[in-house]
Structure formats: structure tokens, C-alpha cells
Amino acid sequence: MKKKDHPLPHLRRAVQAGFTGFCLFAGWRFYLFYQWAIGVRAEYVPRPAAVEGFLPISALVALKHLLLTGRYDPIHPAGLTIFIAALVMGLGLRKGFCGWICPVGFTSNLAEMLGRRAKLALVPPRWLDLPLLSIKYLLLAFFAYLILWRMDRQAIEGFMISPYNRIVDVKMLYFFLHPSPLAGGIMLGLLVLSLALKNPWCRYLCPYGALLGLLGLLSPLRVRRDQEACISCHRCERACPAAIPITAKTVVRNPECLGCLDCVAVCPVDSCLEAACGPRRVSPYLLPALTLGLFFALWLTAKTTGHWQTQTPLPELRRDYSLGLDIPHPR
Ligand code: SF4
Ligand code: SF4
């Protein structure tokens, strides 16, 4: 098979599209459930727990609660499960969650592909790129300081049972359905910027990705380049959604690496650019297989052990959702 026909990038797009489609479907079902809960709609629709995957702050608090008390979050258990899955993936499989699962990454990738076809691609100079790269780490440090350092057990437990945390999923729904002019402008600006820059949200602003990237430094899976075989065509760098200078390295150990393996797929020289686990070459399909296998294994475990659906009784959910938007953020 010629390398240019490598099916891996097509497989990645299909997997990303599948997860994005599922997230849109879950969002739609959640909207219907919410309408039923506040009495606008008569027909009951089960609440899709997967929407909790969009509550990473709540999940970080819940993770600290789990570590302090040994008790699993009963309010947004699916959010905690998805967060743990992403962390485990980060440790073993680089940013496989970002590269293969996250719908924001997929949207960003599509925008960048469109921009490349329209010849809009911009590469920020290093002096600008480096400070911009640090923003997401500063945001990560801010949340880690607030939640992991400042919040003691009492504050964590108080947040977990607070009315705000119980309806934070509805707040998130409203954020997307009725964004403020500022939030809407920022989202639109990022989308337009994604046409010209490679993944600006993921690359510069996402603290979730920053955390997974740092964990990914411990992962034994990496991309390896044979310097002798390389013909310096730079196709790998043009394909890399994380804008990593691959030809300057023999092993890619960069926290920005998504584990997408687009670079391996486009390299025209056999055995020049490969996926490796430590010193051993591995199939490029191993990373997506393990990423998806781990994700679904944790989902199945959570589902079959009662750690997926919220334990909040429906009448309480209906009461909280009816108050929803009037509940302020806890101080
Ligand atoms: S270095 Fe390769 S695997 Fe890592 S993000 Fe770039 S293209 Fe993907
Ligand atoms: S695509 Fe392969 S041959 Fe071309 S520069 Fe990258 S590693 Fe070298």
C-alpha cells in the first residue's frame, strides 16, 4: 500500500465525527429532558448522562472528593468517569482523548482543513507562539490552585451538594443555547481564527488539553523518526495538527502531541516515521485501539456498577431545574 493511501487519517475523522454526532444527539436529548423537567413538554425523555462530559470543573472537584473520601460523585458520576478515562488515556496514550474523541478538537481540525484548502494557513512566529502556548498552562495552574490547593474537604463537600453544582448542566446548556454577546463573539472569533491558525482553542486556551499533554509526557507511546531515512520533505509537519517541528527531532516527546499519527500516515518513506512504545516499533493502529478500548471499558464498568446515571431523584431534579438559572455561583 502506498503511504499516501494510508487509511488512518480517514479512520480518525470517522471516529471523531461519530463522537461529535453522538455529543450533538446527547445535547438534543438533554434539551428535551430539560423541557420536560420544567414542565414545557409533556413527553418524558431520559436524561443523557454523557452531557456531564462537558463539566470538567465539576469533575475535578469530584475527583478530589473521591480521593479524600473514597466516595464516587453521586450527582454527576458520568462526568467523573469521563474525566478519569481522559486522565488514564493521557498517562498511557498521550492526548488520545483530544486527538480521537473530543468534538471541539474535531471542529477545530475541520476548520483548519478548510482554511488550508483556502490557503489561509498562518504560522505565528515563535516569539508569539510561545507566550500564547503558556495561556492554557496558566489557566490549568489557576484551576489547580483553586480546587486542589485552596478547597479543603469541607469546601469540596459543600460545592458537591450545592444547588449550583446540581444544575450546572443546565447552566452549560444555556451557555450554548443563549450565549452572552461576549461569549458568542469569543466562540465565533475562535471559529474564524481556526480557519487560519492550527487549533487555536486546543493549542492556546484549553486547560483540559494542557493537563492531558503534561500527563502524556509520561506515556511510553510516541512518534519516532529515522534521521537517516528522512528525505526532509516536511509532509509530516504540514499534516501535524499540533504544529510540532517533527523534523527537528528523532523522538516526538512534545506535550502538544495529540497521538493522531497523521504524520506517520503521510510520511512517504517506509519505516521512516513510526509509532513506538519505548524502544519498540508498534502498529499505528494500537493507539486508537487502546484509546477507544479504554474509553468504552470504563464507560461499561461505570454503567454496570451504577456509576454512570445521576443518583439525584427525578422530582428533585425537576425542582432544581425549575429554579435553574436563578441559582448563583457559590462564593
Ligand atoms: S506529531 Fe504526529 S502524532 Fe503528534 S500531533 Fe503531530 S501529527 Fe499527530
Ligand atoms: S514526512 Fe517523513 S520523510 Fe518527510 S520530513 Fe517527515 S519524517 Fe522526513
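Along the sequence shown, residues are numbered consecutively beginning with 1. Counting starts at 1 for both ligands and their atoms, following the listed order.
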For a quick test of reading the model, state the closest non-hydrogen atom pair linking [X] to [Y] and the distance between them.
| X | Y | result |
| --- | --- | --- |
| S194 | S108 | OG-OG, 4.0 Å |
| L221 | R94 | O-NH1, 3.0 Å |
| L91 | P220 | O-CD, 4.3 Å |
| A62 | M160 | CA-SD, 3.8 Å |

Subject >> Any A239 heavy atom less than 4.0 Å to ligand 2 >> reply: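 In this structure, A239 fails to qualify as a contact of ligand 2 - no heavy atom is under 4.0 Å.
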Original post:
At a 4.0 Å cut-off, with the gap strictly under it, does some heavy atom of I246 reach an atom of ligand 2?
Top reply: no
**OP:** Look at the side-chain heavy atoms of Ile, Leu, Val, Met, Phe, Trp and Tyr, link any pair under 4.5 Å apart, and say whether L24 and F175 land in one connected group.
**Re:**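 Per the 4.5 Å side-chain linkage, L24 and F175 are not co-clustered.
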**OP:** Measure the acute angle between the ring planes of Y208 and F97, then classify it against the limits of 30° and 60° as parallel, tilted or perpendicular.
**Re:** parallel
Original post:
Taking the side chain from K249 and the backbone from V223, do they hold a donor-acceptor pair closer than 3.5 Å?
Top reply: no
Original post:
Can you tell me if D262 uses its side chain to pair, donor with acceptor, with the backbone of P9 under 3.5 Å?
Top reply: no
Give the numbers and elements of all ligand 2 atoms closer than 4.0 Å to a heavy atom of [X].
| X | result |
| --- | --- |
| C236 | 1 (S), 5 (S), 6 (Fe), 7 (S) |
| R225 | 7 (S) |
| P268 | 1 (S) |

Original post:
Any idea which of C260, P9, G99, C240 brings a heavy atom closest to atom 6 (Fe) of ligand 1?
Top reply: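 The residue whose heavy atom sits nearest atom 6 (Fe) of ligand 1 is C240.
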**OP:** Determine, considering heavy atoms only, which of I231, D226, V223 sits nearest to atom 3 (S) of ligand 2.
**Re:**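 Heavy atom nearest to atom 3 (S) of ligand 2 belongs to I231.
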**OP:** For atom 2 (Fe) of ligand 2, grab the closest protein heavy atom and report residue, atom and distance to one decimal in Å.
**Re:**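 Checking every protein heavy atom, the shortest distance to atom 2 (Fe) of ligand 2 gives C267 SG, 2.3 Å.
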Original post:
Tell me, which protein residue and heavy-atom name are nearest atom 5 (S) of ligand 2, and how many Å apart are they?
Top reply: H234 N, 3.1 Å
**OP:** Could you see which bit of C263 sits under 4.0 Å from ligand 2, with heavy atoms only: side chain, backbone, both or neither?
**Re:** neither
Original post:
Any idea which part of T247 is under 4.0 Å from ligand 2, heavy-atom wise: side chain, backbone, both or neither?
Top reply: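 T247 to ligand 2: side-chain contact only, backbone stays beyond 4.0 Å.
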**OP:** Number the atoms of ligand 1 from 1 as they appear, then name those within less than 4.0 Å of a heavy atom of L261, with their elements.
**Re:** 3 (S), 8 (Fe)
**OP:** Using a strict cut-off of 4.0 Å, indicate which atoms of ligand 1 neighbour a heavy atom of L258.
**Re:**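 Answer for ligand 1: 4 (Fe), 5 (S).
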Subject >> Of L120, V192, L122, V123, the residue whose pairing with L197 passes side chain to side chain contact (heavy atoms under 4.5 Å, CB included) >> reply: L122
**OP:** Return yes when at least one N/O/S atom of C230 is nearer than 2.8 Å to atom 8 (Fe) of ligand 2, and no when none is.
**Re:** yes
Original post:
Counting backbone and side-chain atoms alike, does C257 have an N/O/S atom under 2.8 Å from atom 4 (Fe) of ligand 1?
Top reply: yes
Original post:
From atom 4 (Fe) of ligand 2 out to just under 2.8 Å, does an N/O/S atom of C233 turn up?
Top reply: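 A backbone or side-chain N, O or S atom of C233 is under 2.8 Å from atom 4 (Fe) of ligand 2.
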**OP:** Determine whether more than 12 heavy atoms belonging to other residues, nucleotides or ligands lie under 6.0 Å from atom OH of Y31.
**Re:** no
